[in-house]
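Questions regarding the structure given below will be posed in turn.
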Amino acid sequence: MRHNVKENLKKVLEKLPAGVKLVAVSKYHPAEDIEEAYAEGQRLFGESHEQEIRRKAGVLPKDIEWHFIGHLQTNKVKYIAPYISMIDAVDSFKLLKEIDKQAKKNGRVIKVLLELHIAEEETKYGFSLEACREMLAAGEWRELENVAICGLMMMASNVDDAETIKREMLLAADFFDEIKAGYFSSDDRFCERSWGMSHDYAIAVECRSTMVRVGTTIFGSRTY
Ligand SMILES: *Cc1c(COP(=O)(O)O)cnc(C)c1O
């Protein structure tokens, strides 16, 4: 069935308060679907596979801001470094360092978010709060001049229970305040709290999200 990308996109945008950005998650969907959203003014798109994003970026308008939202292997950074706008899920210092290195080679500064692991699920990537504190306290990241740490990202547990989702998102929001005060109080670039997907973005905007990542609700279900 064809999805009405235009209508779906409008419905999502209507539910977002001013100041909350939408990353339209287009992974596994064809470039034509992205064009449809683009025609409506959407410019931020999220993808999670290096080859897929490269293929799409090659044929789609150059003013699209591509977000790499999935788990990124260190050896893939070099391929996306020339054009990626933001890498949303940095989950190790090693990856951060590699992004800096490749950004430097391309004469760019790449925006990144640090991914937190807060959900109960074992399979999720990301820094534990303690590991994130340790990484920042160690201070080596300060030498990385070609990455801009723009905030935090997390995925709440994939459950129906709104209270659990809320608790996890608010924990992330509190943690954002701690990190902002401790390390980035004079850095305006550190301002994003990226949580909220198709099933929980309405909750996320109540929990201080500034950037939701919505796929299925806009583009329909994915066939992998
Ligand atoms: C796929 C994906 C999304 C979008 O999920 P939907 O449920 O389709 O909205 C958001 N964030 C990340 C990190 C993803 O991998």
Side-chain angles (χ1 to χ4, degrees), residues 1-16 20-31 33-34 36-37 42-53 56 64-73 76-77 80 84-92 95 99 111-127 132 150-162 164-165 168-169 172-173 176 192-224:
M1 206 191 77
R2 277 294 291 143
H3 267 269
N4 194 333
V5 170
K6 182 176 162 178
E7 287 305 313
N8 295 344
L9 177 68
K10 268 190 185 156
K11 278 183 205 151
V12 171
L13 288 171
E14 274 165 15
K15 287 188 196 143
L16 297 183
V20 178
K21 299 185 191 79
L22 171 64
V23 178
V25 176
S26 48
K27 62 189 184 194
Y28 296 97
H29 292 285
D33 286 3
I34 298 177
E36 215 172 312
Q42 180 66 28
R43 291 294 179 271
L44 275 53
F45 291 91
E47 293 278 343
S48 57
H49 292 279
E50 182 274 316
Q51 292 186 347
E52 184 179 357
I53 188 172
K56 289 172 175 173
I64 286 180
E65 294 179 32
W66 294 104
H67 284 231
F68 198 94
I69 62 169
H71 177 66
L72 178 59
Q73 288 169 286
K76 298 282 172 66
V77 174
I80 63 171
I84 201 76
S85 172
M86 184 180 267
I87 297 175
D88 291 22
V90 172
D91 58 2
S92 71
L95 178 58
I99 295 168
K111 295 185 278 185
V112 304
L113 303 176
L114 303 178
E115 179 180 13
L116 302 177
H117 177 129
I118 288 179
E120 298 295 330
E121 279 117 87
E122 289 286 330
T123 56
K124 299 250 162 90
Y125 293 100
F127 287 100
C132 190
C150 294
L152 304 177
M153 175 272 200
M154 61 84 83
M155 280 183 276
S157 291
N158 187 12
V159 294
D160 290 329
D161 174 29
T164 299
I165 294 169
E168 292 175 355
M169 288 175 173
F176 174 93
E192 303 293 359
R193 295 176 291 271
S194 179
W195 36 89
M197 306 166 44
S198 286
H199 74 285
D200 61 10
Y201 76 92
I203 302 174
V205 296
E206 289 173 25
C207 298
R208 302 176 56 212
S209 175
T210 61
M211 184 183 274
V212 297
R213 292 168 267 106
V214 179
T216 309
T217 302
I218 298 169
F219 297 110
S221 53
R222 294 177 283 270
T223 35
Y224 295 101

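Bear in mind that the values here come from a model prediction, so they are computed numbers and not experimental data. Counting convention: from 1, in listed order, for ligands and their atoms alike. Values below: all heavy atoms of this structure, side chains included; hydrogens, waters and symmetry mates excluded.
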Are Thr217 and ligand 1 in contact, using a heavy-atom cut-off of under 4.0 Å?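 Contact check Thr217 vs ligand 1: negative.
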
Check the angle between the aromatic planes of Phe219 and Phe45 and answer parallel, tilted or perpendicular using the 30° and 60° thresholds.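 Judged by the thresholds at 30° and 60°, the geometry between Phe219 and Phe45 is tilted.
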
Side chain proximity check, Asp200 to Met197, heavy atoms < 4.5 angstrom: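 Heavy-atom side-chain distance check passes, below 4.5 Å.
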
Atoms of ligand 1, numbered as shown, that sit under 4.0 Å from any heavy atom of Ser198: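 This gives 6 (P), 7 (O), 8 (O), 9 (O) as the contact atoms.
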
Rounded to the nearest 0.5 Å, what separation is found between the OG atom of Ser194 and the CG atom of Leu116?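 Nearest 0.5 Å value for the OG-CG distance: 10.5 Å.
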
Is a side-chain donor or acceptor of Ser92 paired with a backbone partner of Leu95 at a separation under 3.5 angstrom?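 Side chain of Ser92 to backbone of Leu95, a donor-acceptor pair under 3.5 Å: yes, one is there.
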
Considering only heavy atoms, which of Val25, Val12, Ile69, Ile218 lies nearest to atom 13 (C) of ligand 1?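 Answer by nearest heavy atom: Ile69.
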
Nearest non-hydrogen protein atom, atom 5 (O) of ligand 1: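 The closest heavy atom on the protein side is Met197 CE, 3.5 Å.
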
What protein heavy atom lies closest to atom 14 (C) of ligand 1? Include the residue and the distance to one decimal.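 Of every protein heavy atom, Lys27 NZ, 3.0 Å lies nearest to atom 14 (C) of ligand 1.
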
Ring of Phe176, cation from Arg193 - is the NZ or CZ under 6.0 Å from the centre and inside 45° of the axis?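 Yes - Arg193 lies over the ring of Phe176, closer than 6.0 Å to its centre and within 45° of its axis.
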
Please classify the Met153 to ligand 1 contact at 4.0 Å (heavy-atom distances, strictly less than): side chain, backbone, both or neither.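 Side chain only.
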
Is there any N or O on Gly215 that sits under 3.5 Å from an N or O of ligand 1?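 It does: an N or O of Gly215 is found under 3.5 Å from an N or O of ligand 1.
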
Under-4.0 Å salt bridge between Glu192 and Lys21: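 Salt bridge between Glu192 and Lys21, a charged N being under 4.0 Å from a carboxylate O: yes.
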
Residues Glu7, Lys11: salt bridge by 4.0 Å N-O rule: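 Salt bridge flag = no for Lys11 with Glu7.
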
Can you sort out which atoms of ligand 1 are near Thr216, meaning under 4.0 Å from one of its heavy atoms?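 Near Thr216, meaning under 4.0 Å from one of its heavy atoms, ligand 1 has 6 (P), 7 (O), 8 (O), 9 (O).
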
Side-chain donor or acceptor of Trp195 paired with backbone N/O of Cys207 under 3.5 Å: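 Yes, Trp195 side chain to Cys207 backbone: donor-acceptor pair under 3.5 Å.
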
Report yes if some N/O of His199 lies less than 3.5 Å from some N/O of ligand 1; otherwise report no.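 His199 vs ligand 1: no N/O contact under 3.5 Å.
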
So if I count the atoms of ligand 1 from 1 in the order they appear, which ones are less than 4.0 Å from some heavy atom of Val214?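 Matching atoms, with element in brackets: 9 (O).
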
At a 4.0 Å threshold, what atoms of ligand 1 neighbour a non-hydrogen atom of Arg213?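 In order of numbering, the contacting atoms are 4 (C), 9 (O), 10 (C), 11 (N), 12 (C), 13 (C).
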
